[in-house]
Amino acid sequence: MATATAKTVQIKIKRQDAPAGNPHWEEYELPWRAGMNVISSLMEIAATGQTKDGHETSAITYDANCLEEVCGSCAMVINGKVRMACSALIDKLDQPITVEPLKKFPVVRDLRVDRSVLFENLKRVKAWVPLDGTYDLGEGPRQSMTLQEELYPISRCISCCSCMEACPQFNDDTNFVGAATIAQVKLFNSHPTGESLKRERLDALMGDGGIHECGYAQNCVEVCPKEIQLTKAISEVSRDVMVQAVGDLFRK
Ligand code: SF4
Ligand code: SF4
Ligand code: FES
């Protein structure tokens, strides 16, 4: 009688030693366990330290923290699609599973990339509520329940950069700021205190890499792990940019 072979996980990972290093693939075979996800597989590889063909290998470098789709650090290209590695269940993926770093961001090492461009873009549009902490400002203006319900979903952005990775317009040619930044403009321009910087935020979206670069391909909405209505936010901010631009023409 044939003995049952133990179930395994076949996984291929694109590795790179340094920012300017040559990428190469390594293959691994891991024992299957119930509930495994891509991050737990990376931990298993670090524990065994071996490739599929038995060669010793180093632990794979990657970013992850919360392991529950909250911190936004573990976005990777898994089986060709950008997604969060901590919520990518092995049992739901075709094997061999391929794992690559985000392709539109500079690789630091292995699966870790430099996503500081998002934070630079958020600074560009002043994505914050201005506050003077030197004296007691008292209570801020109240937000209606309707406005809170409209804005809360946008505030759930975890800065994972998946929307930018999937966007055909996010590239070096366009310098497009990307959907996440525009959604935060919508959030802060709608805030009763944050709206004091509305004009500056809309101005920032008129220039190089601004909102006009969006082609409404909707890839961003499809990959956002928080299901933020990105194209709705883009349409609304786009309208505000247009109104301000036309108003500026008449004011000249
Ligand atoms: S709608 Fe298309 S072009 Fe615009 S941000 Fe989303 S993916 Fe990019
Ligand atoms: S908008 Fe969605 S996909 Fe884009 S950074 Fe935020 S959570 Fe990630
Ligand atoms: S580890 Fe935090 S979102 Fe995946």
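Sequence positions, counted from 1, serve as the residue numbers for this chain. Each ligand, and each atom within it, is numbered from 1 in the order the structure gives.
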Under 4.0 Å from any heavy atom of [X], which atoms of ligand 3 are there?
| X | result |
| --- | --- |
| E69 | 3 (S) |
| C71 | 1 (S), 2 (Fe), 3 (S) |
| G72 | 2 (Fe), 3 (S) |
| L67 | 1 (S), 2 (Fe) |
| V70 | 3 (S) |
| N65 | 1 (S) |

Metal site atom 2 (Fe) of ligand 3: N/O/S of C74 inside 2.8 Å:
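Looking at C74, which is the residue asked about, there is no N, O or S atom under 2.8 Å from atom 2 (Fe) of ligand 3.
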
Is atom 2 (Fe) of ligand 3 under 2.8 Å from any N, O or S atom of C86?
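No - counting backbone and side chain alike, C86 has no N, O or S atom under 2.8 Å.
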
Atom 2 (Fe) of ligand 2 reached by C157 (N, O or S, under 2.8 Å):
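No, outside the cut-off.
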
So which of E100, E27, E26 actually passes salt bridge (Lys or Arg N to Asp or Glu O under 4.0 Å) with K14?
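With K14 as partner, salt bridge (Lys or Arg N to Asp or Glu O under 4.0 Å) holds for just one option, E100.
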
With a cutoff of 4.0 Å, is A183 in contact with ligand 2, counting heavy atoms of the residue only?
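The answer is no, since A183 has no heavy atom less than 4.0 Å from ligand 2.
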
Among the heavy atoms of A179, does any lie under 4.0 Å from an atom of ligand 2?
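No heavy atom of A179 comes that close to ligand 2.
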
Relative to the heavy atoms of A217, which atoms of ligand 1 are at a distance of less than 4.0 Å?
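The list of qualifying atoms is 1 (S), 2 (Fe).
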
Is the contact between I234 and ligand 1 made by the side chain, the backbone, both, or neither, using heavy atoms and a 4.0 Å cut-off?
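Looking at I234 and ligand 1, just side chain atoms fall under 4.0 Å.
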
Among all protein heavy atoms in this structure, tell me which lies nearest to atom 2 (Fe) of ligand 2, with the distance rounded to 0.1 Å.
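Residue, atom and distance for the closest contact: C224 SG, 2.4 Å.
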
